[in-house]
Amino acid sequence: MTYTIEKITTLIGARRYGNTDSNIGFLLTDSRSLCFPEETLFFAIKSERNDGHKYISSLYDRGVHNFVVTTVPDDYEKRFPQANFLRVTNSLEALQRLAERHRDEFNIPIVGITGSNGKTVVKEWLYQVLSPDHFVTRSPRSYNSQIGVPLSVWLMNDDTQIGVFEAGISQPGEMLALRDIIQPTIAVLTNIGTAHQENFTSMEEKCREKLILFHDAPVIVYNADDNIVSQVVDASDYKGERLCWSCKDSKAPMFVSGIKKGETSTTVCYTFKSVEGSYTIPFIDDASIEDSVVTALVALQLGLNADTLKARMGQIEPVAMRLEVKEGRHGCTLINDSYNSDINSLDIALDFMSRRPDHKGRRRTVILSDIQQSGMAPADLYREVGRLAKERGIERFIGIGPVISDNAELIDIPEKFFFNSVSSFLDSTVFRTLRDEVILIKGARQFGFDQITDLLVQKVHETVLEVNLNAVVANLNYYRSFMKPETKLVCMIKADAYGAGSVEIAKTLQDHRVDYLAVAVADEGATLRRNGITANIMIMNPEMSAFKTMFDYDLEPEVYSFRLLDALIKAAEKEGITGWPVHIKLDTGMHRLGFDPEKDMERLIDRLKHQNAIIPRSVFSHFVGSDSDDFDNFSARQFALFDKGSQQLQAAFSHKIIRHIDNSAGIEHFPERQLDMCRLGLGLYGIDSRNNHIINNVSTLKTTILQLRDVPAGDTVGYSRKGKIDHDSVIAAIPIGYADGLNRHLGNRHGYCLVNGQKAAYVGNICMDVAMIDVTGIPCKEGDSVEIFGDHLPVTVLSDALDTIPYEVLTGISNRVKRVYFQD
């Protein structure tokens, strides 16, 4: 659904500055998440640590023209001539008010879920059991905050039949705004625990605050066996239907008459409004059982029959980032429960760990960070931690953080170790001795527990690849000179930025405001995110095993087949994701990957329209021969196919879908085919593929002379005696070999390097780590520099000698070769 900027101005009671016509379909509060600038309304929200107003200029340059602000920028008409500024008293309240007005447009069942734990699980399981029959809009991930809830509710559209939204609070006074935004027809309380307890004087106070969500709801759902909850509900003036559940009271609307745990599953028997039923879930921990009861109750209330519920509950899947079991190194099994870090969830995770049948007979280890926002005194908190760990049979305890370390004596586990930081733990012998054990990894996200499985080893090597960042910028600007100012640009930094090192190249490109970065696989994108890259990142060869990585790190996959499309939709739905941007690839003649624009478009559009997990951000294809005039007729046919298919896709959607087909050669050769965006690949790294010439050299591979040796005529050099010497020679050994990316086919005088500016041929077979070169007659000494390719020896000379392309030479440089970055 979209709103005109005039309508939004009225809905939020703003004063408008600027008169550009706009339709708004997307709301933005974090500039790093920008995806659809043309239809985005940015709310410049001020917080204790940040101010959204400082991102207005960069967002405007990236195509955003609509802003909700508390202060209109000076000289806005001159600085931002196409912008609309909607001035309000409070940007956050304006966001919430807009979401509330949007909610008013819907007369459908809305489930609002609050509680200390289990909100996300119940929400996701409701989606899993209801979505086969209904179009369900739900909160993405854990969007349950003062900002997250309005962004979630905004996702409802004309197709939505049921809404399921979380509401989380951390202090008094927050729930009222969330209630007005969600306006639930069924309000659910999962439980009351100790999370964020420090901001409440008692559990009763927290319960009363959460129950504000219930006030106007026709139906409320809660656990009647929880005395605090029951007392607070009874003391309230609630007038609607009390749809409580109980394991004790057979007269409760939902009576759980039996719970039978097996080794890997649990069967729950119940009576719902006098109708008996049962279901089996593939989980055994108490939290999952409780969450399943809530899920079943709400689903039955929404009209799901008992038989259908039974079938679907047996197929429910675990929610991402909750009790994930993974195989680790050195025979270890890892249980990842870094989703939250309160004492209740620790108990749940320990219970899960102790019940897993495949863990029997191996040592149980816990790695735990400081527990924050517990509301408990540290001594009481960590005494309870020690008690839980001991009861669950933990044999080795590893605590990370200053507070848990200060309370080490309270944790009564014989083998225990404490560290102030993750880095100190990774440097310890304790980390290196983790073998053949079950490890529960549970830590607050700020501690960076994702590093625990990544032991970084500094690589030392005398061979280096020098990367000239100024040359990268010069090449970028060279190709931009062929482009229209409004044309977007995606820069290819796959294969570690063609061997140049993706992180530094990405930082440079981000500073120069390219619109997209593109990598081959998700791990490359995750590396960029971990190193502070916030630009949009496209994944060109997404692997189905890496969907979670893409979601975790905000990476946008290419989609080229129905198999990949269906798998991605399923994975996104499992994660609770709505509207994830993807890039549709059409095969117009490369015949590598892509949908057929003549045969697949109707089916593709139909599949995309009947789901809301993903959304097409761009559609593209790839010229086969833009680097040669000989293929111009074929390129014209390719463009015609792409133009028709992409126009057909765009016509099916109201939002703007970026179209792009020009690659590096196409930018220069087909400027009329720039469309909305171009892709810059090899040209960025200084090589013009149309003539194989260097534009501005980016990468120089250098090494040093290790040793000089006089070799008499008649001797040989290297393995298999291939390097025959026909005259007395001086042979130098250099520390670079085929393991570094120096191709063996250059050996035996098929190629050369430069020593002090003079050609030195490779002699004999190139070894794994060393090569020998003939420096006879060249003034040199041990330690002198040797240029393998670079400013004076173009990489194209090597690729021509090898009868290949520069791509292969550049991307073949091993990661053990140190990258050195500089600016002229």
For Glu556, enumerate each residue passing the side-chain contact (heavy atoms from CB on, under 4.5 Å) test, keeping only those at least two apart in sequence or located in another chain. Cys35, Tyr516, Asn536, Pro581, His583, Arg617

Find out whether Trp580 and Pro557 are in side-chain contact, i.e. whether some heavy atom of one side chain is under 4.5 Å from a heavy atom of the other. yes

Could you list the residues that satisfy side-chain contact (heavy atoms from CB on, under 4.5 Å) with His745, not counting sequence neighbours? Asn743, Leu802

With side chains defined as the heavy atoms from C-beta onward, is the minimum distance between Phe165 and Tyr143 less than 4.5 Å? no

Is a donor on one side and an acceptor on the other found under 3.5 Å between the side chain of Glu38 and the backbone of Lys656? no

Identify, with sequence neighbours excluded, every residue that meets side-chain contact (heavy atoms from CB on, under 4.5 Å) alongside Ile615. Phe26, Phe36, His655

Taking the six-membered ring for Trp, is the centroid-to-centroid distance between Trp154 and Tyr3 below 6.0 Å? yes

Partners passing salt bridge (charged side-chain N to carboxylate O under 4.0 Å, His left out) against Arg659 (at least two apart in sequence or in another chain): Asp643

Decide if the gap between the ring center of Phe623 and the ring center of Phe634 is smaller than 6.0 angstrom. no

Side-chain polar contacts of residues 599-606 - donor-acceptor pairs under 3.5 angstrom, sequence neighbours left out - could you list them?
residue	atom	partner	partner atom	Å
Asp600	OD2	Asp596	N	2.8
Asp606	OD1	His610	ND1	3.3

Carboxylate-amine/guanidinium proximity below 4.0 Å for Lys507 and Asp511: no

Residues which pass side-chain contact (heavy atoms from CB on, under 4.5 Å) with His134, listed by chain and number, not counting sequence neighbours: Val136, Gln161, Ile162

